[in-house]
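What's counted below: heavy atoms across the whole structure, side chains too, no hydrogens, waters or symmetry copies. Note on naming: letters A, B, ... go to the chains in the order of the sequence lines (proteins, then strands), and numbering restarts at 1 for each one.
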Amino acid sequence: MTDVRVRFAPSPTGTLHIGSARTALYNHLFARHHGGTLVLRVEDTDLKRSRREYELSIVRDLHWLGLQADEGPDVGGPYGPYRQSERAPLYQAGVEKLLESGHAYHCFCTQERLDGLKAQQLAAGLMPTYDRLCRELTAEAAKERIASGEEATVRFFVPQGDVTFDDLIHGPITFSSDVIGDFIIHRTDGGFAYNYAVVIDDAGMHVTHVVRGEDHISNTARQLMLYEALGEEAPHYAHHSLIHGADGGKLSKRHGATSIGEFRDMGYLPSAVVNYLALLSWSPGDDREKLTLEELVSEFDMARVSKSAAIFDLDKLNWLNGLYIRELAAEELSEYIRPYLHEAGLEFDEGQREIVSAAIQPKLVTFGDAPIHAQVFADEPILTASSHLEALDEPGADIAFALLAEALEARDSEYFALEQARMILAQVGDGCRERGIKGKAIFKPLRVALTGCDHGPELFYLIAGLGRSRLLARLHTALGYLAQLGGRS
RNA sequence: GCCCCCAUCGUCUAGUGGCCUAGGACAUCGCCCUUUCAAGGCGACGGCGGGGAUUCGAAUUCCCCUGGGGGCACCA
């Protein structure tokens with residue numbers, strides 16, 4: 001396969017959706033695997049709903065995922081323009097060609113007549129198709145009516161016969177032209193129909209392989225007819241399945257987050273999203289689940305893409321994201337979680353934030369989870385729940401607290417290196433053991449005294465990252481509670 | 001209604017006629033590790049939608065049914 005050219009063609013009527021992102025990914029993987037070219041084409045023929053800001057956000061999200069195109073409205077290229085709204089002259093030329101060769105004709109039917117026709121056919125159990133009334137008009141008659149100011153559309157004259165194509169994912173698919181009516185390629189408002197524009201564009205951009213969702217399968221027959229009529233060579237097609245929600249229906253807002261931007265904002269890593277999306281409907285053929293973009297590129301094979309629809313499974317994305325997060329170095333993680341901590345009102349200096357990062361790393365599913373886990377490093381512990389107070393009342397706890405306080409007081413830095421924190425903790429443990437207190441018994445009270453909570457990061461992280469003054473204050477508070485409890489009993 | 005596509009554990013998948021008493025992963029549950037919670041390790045649970053046909057042999061091929069999805073626009 002030489003000179004592979006594929007395209008990703010979103011309409012800028014919203015932000016990049018998880019489903020479109022997967023289409024972009026498959027295009028990217030196919031192009032890169034074959035050393036080909038990926039072009040980005042903006043399908044903004046629907047002027048009412050298309051917005052430039054959406055185009056920009058789609059490009060930004062594509063970049064975030066690492067799926068930048070080689071040609072497109074943002075980077076240019078030899079076969080532009082890359083926005084459909086700027087390609088009208090090309091479409092117009094094609095329409096004229098089709099009109100001249102008799103592959104298209106003007107139609108003056110009103111919407112009312114068309115609606116009635118459709119209702120009639122539906123009632124008769126037929127596929128609604130245009131009845132070719134205006135096909136009977138001579139070119140001269142049509143010209144006169146247009147000249148007299150009548151509005152007209154241009155319809156493609158659908159040829160008789162079957163249309164078959166060999167889909168790279170599905171294999172051979174055949175449509176009978178009987179179920180395809182003469183469709184409009186040029187609207188009365190001057191706009192061009194999608195199925196037509198796509199053909200002019202793909203042909204003009206020398207696209208060799210069209211990789212898109214299977215909601216386009218039935219469009220393919222129309223497009224193939226257009227290629228034939230235009231005398232252009234048709235590309236190969238690969239129609240991948242659609243993503244469904246947990247209820248089996250098409251993925252939509254009510255299934256939760258569906259746009260790439262939302263996942264980015266929640267604190268997902270692009271590597272995890274890309275990995276997950278690739279695995280949805282594709283597998284390397286062995287047991288590997290975790291693959292980088294580079295690995296995906298070298299392993300990707302369109303023939304291995306599953307035909308059946310896949311249900312979006314957040315649990316698995318979460319698992320992958322956690323996997324990638326745990327791979328991060330503490331200083332990287334620290335940078336990633338900074339904005340989330342800041343937004344939650346948790347401020348740490350750089351060194352402390354790195355300790356916090358390392359401490360909470362195993363617990364993170366997304367970066368957005370950082371604040372809830374980092375909370376213990378910021379707030380004063382709230383020792384009110386009676387169960388927690390009881391946890392303090394362990395024989396020897398007071399001694400352990402005092403030993404830790406002593407060890408801390410002997411040092412003058414506010415924060416400690418992890419190694420140092422480990423040493424301090426070991427020192428306390430040794431001291432307890434010397435006094436006949438079991439090591440295991442003191443850790444829980446210590447944790448409760450320090451955090452007010454019975455679970456959380458490993459103790460040495462707390463000692464390293466909490467800060468000496470705060471540690472001491474909490475220790476003294478706990479000691480005070482202990483004294484009260486002792487007085488009561 | 002008509003046309004097209006699809007069908008293996010709850011979910012994503014491996015499987016292309018014998019290697020399948022169907023493999024892996026997520027989720028769930030249990031155990032281990034452990035100063036807690038996680039993480040990690042080990043294990044358990046759990047599936048070829050139904051019916052015919054071809055074949056010595058079918059998850060795998062063919063047909064029918066059922067179920068799901070998509071399309072049938074002067075949307076893309």
Side-chain angles (χ1 to χ4, degrees), chain A residues 9-13 43-46 48-50 84 107 109-111 114-115 118 121-129 151-155 167 169-171 173-176 178-181 183-195 197-198 213-221 239 241-242 244 246 248-250 276 279-290 304 306-320 322-323 326 360-365 373 391 425 429 438-448 451 453-460:
Chain A
S11 346
T13 53
E43 307 211 322
D44 57 351
T45 51
D46 184 350
K48 282 184 279 295
R49 293 192 299 145
S50 296
Q84 290 191 324
C107 173
C109 290
T110 60
Q111 193 61 57
L114 263 17
D115 289 343
K118 184 175 173 180
Q121 287 165 327
L122 243 22
L126 297 165
M127 193 114 159
T129 54
E151 282 195 328
T153 59
V154 177
R155 280 184 190 274
D167 193 278
I169 294 169
H170 292 273
I173 298 176
T174 302
F175 285 92
S176 162
D178 297 348
V179 299
I180 301 169
F183 53 93
I184 286 169
I185 58 176
H186 194 194
R187 302 190 296 253
T188 50
D189 67 0
F192 298 89
Y194 167 79
N195 277 309
V198 153
E214 67 181 18
D215 47 341
H216 288 286
I217 287 183
S218 50
N219 285 331
T220 309
H239 290 97
S241 64
L242 269 20
H244 290 183
K250 205 174 167 184
Y276 177 70
L279 251 31
L280 212 59
S281 289
W282 178 86
S283 87
D286 52 40
D287 290 344
R288 282 175 297 168
E289 300 277 343
K290 185 168 169 294
R304 291 196 62 80
S306 162
K307 298 183 188 61
S308 44
I311 290 173
F312 185 80
D313 180 18
L314 189 63
D315 281 331
K316 189 148 184 178
L317 205 212
N318 284 342
W319 169 70
L320 276 169
L323 234 45
R326 270 167 249 133
I360 67 175
Q361 189 165 25
K363 295 187 194 311
L364 294 181
V365 171
H373 292 113
L425 201 58
K438 281 202 196 86
K440 198 160 179 166
I442 60 165
F443 291 111
K444 190 169 183 190
L446 216 40
R447 167 179 305 284
V448 172
T451 68
C453 192
D454 59 6
H455 63 267
E458 303 222 45
L459 279 176
F460 68 88

Taking the same atom, [atom1], in [N] and in [M], what whole-Å distance lies between them?
N: rC63(B); M: rC6(B); atom1: P; result: 12 Å
N: rA22(B); M: rG17(B); atom1: C1'; result: 15 Å
N: rU66(B); M: rA25(B); atom1: C1'; result: 30 Å
N: rA38(B); M: rC32(B); atom1: P; result: 15 Å
N: rC64(B); M: rU54(B); atom1: C1'; result: 15 Å
N: rC19(B); M: rC2(B); atom1: P; result: 42 Å
N: rU35(B); M: rG10(B); atom1: P; result: 39 Å
N: rU61(B); M: rC3(B); atom1: P; result: 24 Å

Please report the distance, rounded to the nearest Å, between [atom1] in [X] and [atom2] in [N].
X: L425(A); N: rU36(B); atom1: CG; atom2: P; result: 13 Å
X: E289(A); N: rA27(B); atom1: CD; atom2: C1'; result: 13 Å
X: D286(A); N: rA14(B); atom1: CG; atom2: P; result: 11 Å
X: L320(A); N: rG24(B); atom1: CG; atom2: C1'; result: 14 Å
X: K316(A); N: rU28(B); atom1: NZ; atom2: P; result: 14 Å
X: D167(A); N: rC6(B); atom1: CG; atom2: C1'; result: 13 Å
X: L314(A); N: rG10(B); atom1: CG; atom2: C1'; result: 15 Å
X: L280(A); N: rA14(B); atom1: CG; atom2: P; result: 12 Å

Problem - Which nucleotide in rC12(B), rA7(B), rA39(B) has an atom nearest any side-chain atom of S308(A) - result: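 Of the options given, the side chain of S308(A) lies nearest rA7(B).
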Is there any protein nitrogen or oxygen under 3.5 Å from a nitrogen or oxygen in nucleotides 30-32 of chain B, and what are the pairs?
none

Which residues pass the salt bridge (charged side-chain N to carboxylate O under 4.0 Å, His left out) test with [X], not counting sequence neighbours?
X: K290(A); answer: E327(A)
X: E289(A); answer: K316(A)
X: D315(A); answer: none

Problem - Polar side chain donor-acceptor pair, S306(A) to S308(A), under 3.5 angstrom - result: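 Checked: S306(A)/S308(A) side chains pair up, N/O donor to acceptor below 3.5 Å.
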If the condition is side-chain hydrogen bond (donor to acceptor under 3.5 Å, both in side chains), which residues does [X] pass it with, not counting sequence neighbours?
X: S283(A); result: R304(A)
X: R326(A); result: none
X: Q84(A); result: E43(A), D201(A)

Practice task
Select from S306(A) and L323(A) the residue whose nearest nucleotide in RNA chain B is closer to the 5' end of that strand.
Solution key: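 By nearest-heavy-atom nucleotide position, the 5'-most residue is S306(A).
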Practice task
May I ask you to decide if the ring planes of F192(A) and H186(A) are parallel, tilted or perpendicular, using 30° and 60° as cut-offs?
Solution key: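 It falls in the parallel class, under 30°.
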Listed by chain and number, what are the side chain to side chain contact (heavy atoms under 4.5 Å, CB included) partners of [X], not counting sequence neighbours?
X: P10(A); result: F8(A), L40(A), I58(A)
X: I184(A); result: T153(A), R155(A), R187(A)
X: K307(A); result: I169(A), H170(A)

For [X], answer base if it contacts any base atom (sugar-phosphate contacts may also be present), sugar-phosphate if it contacts only those atoms, and nothing otherwise; contact means non-hydrogen atoms under 4.0 Å.
X: K307(A); result: sugar-phosphate
X: E458(A); result: base
X: S281(A); result: sugar-phosphate

Practice task
Report yes if at least one side-chain N or O of R326(A) is closer than 4.0 Å to OP1 or OP2 of rG40(B); otherwise report no.
Solution key: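 Yes, such a contact exists.
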Practice task
Go ahead and name the base partner of rC26(B); Watson-Crick or wobble counts if both distances stay under 3.5 Å, otherwise write none.
Solution key: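 Partner of rC26(B): rG10(B).
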Practice task
Searching all strands shown, indicate the nucleotide that pairs with rG1(B) (Watson-Crick or G-U wobble; both distances under 3.5 Å).
Solution key: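 Matched rG1(B) with rC72(B) under the 3.5 Å cut-off.
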Problem - Where protein sits on nucleotides 69-76 of chain B, one letter per nucleotide: B base, S sugar-phosphate only, - none, heavy atoms under 4.0 Å - result: SSBBSBSB
Could you pull out the protein-nucleic contacts involving nucleotides 41-50 of chain B (nitrogen or oxygen on both sides, under 3.5 Å)?
none

Handout entry: Minimum side-chain heavy-atom gap D215(A)-L242(A) below 4.5 Å
Key =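 Heavy-atom side-chain distance check passes, below 4.5 Å.
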Exercise for the section: Kindly state whether the pair W319(A) / rC26(B) counts as stacked, where counting means centroids closer than 5.5 Å and planes tilted less than 30° apart. Expected result: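 No, the aromatic ring of W319(A) does not stack with the base.
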Handout entry: Donor-acceptor contact present, side-chain T220(A) to main-chain I217(A), <3.5 Å
Key =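 Judged by distance alone, yes, a pair lies under 3.5 Å.
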Exercise for the section: With ring pair (Phe, Tyr, Trp, His ring centres under 6.0 Å) as the test, would you mind laying out the steps for Y194(A) and F183(A) before giving the verdict? Expected result: CA-CA 11 Å; Y194(A) 167 79; F183(A) 53 93; over 10 Å; no
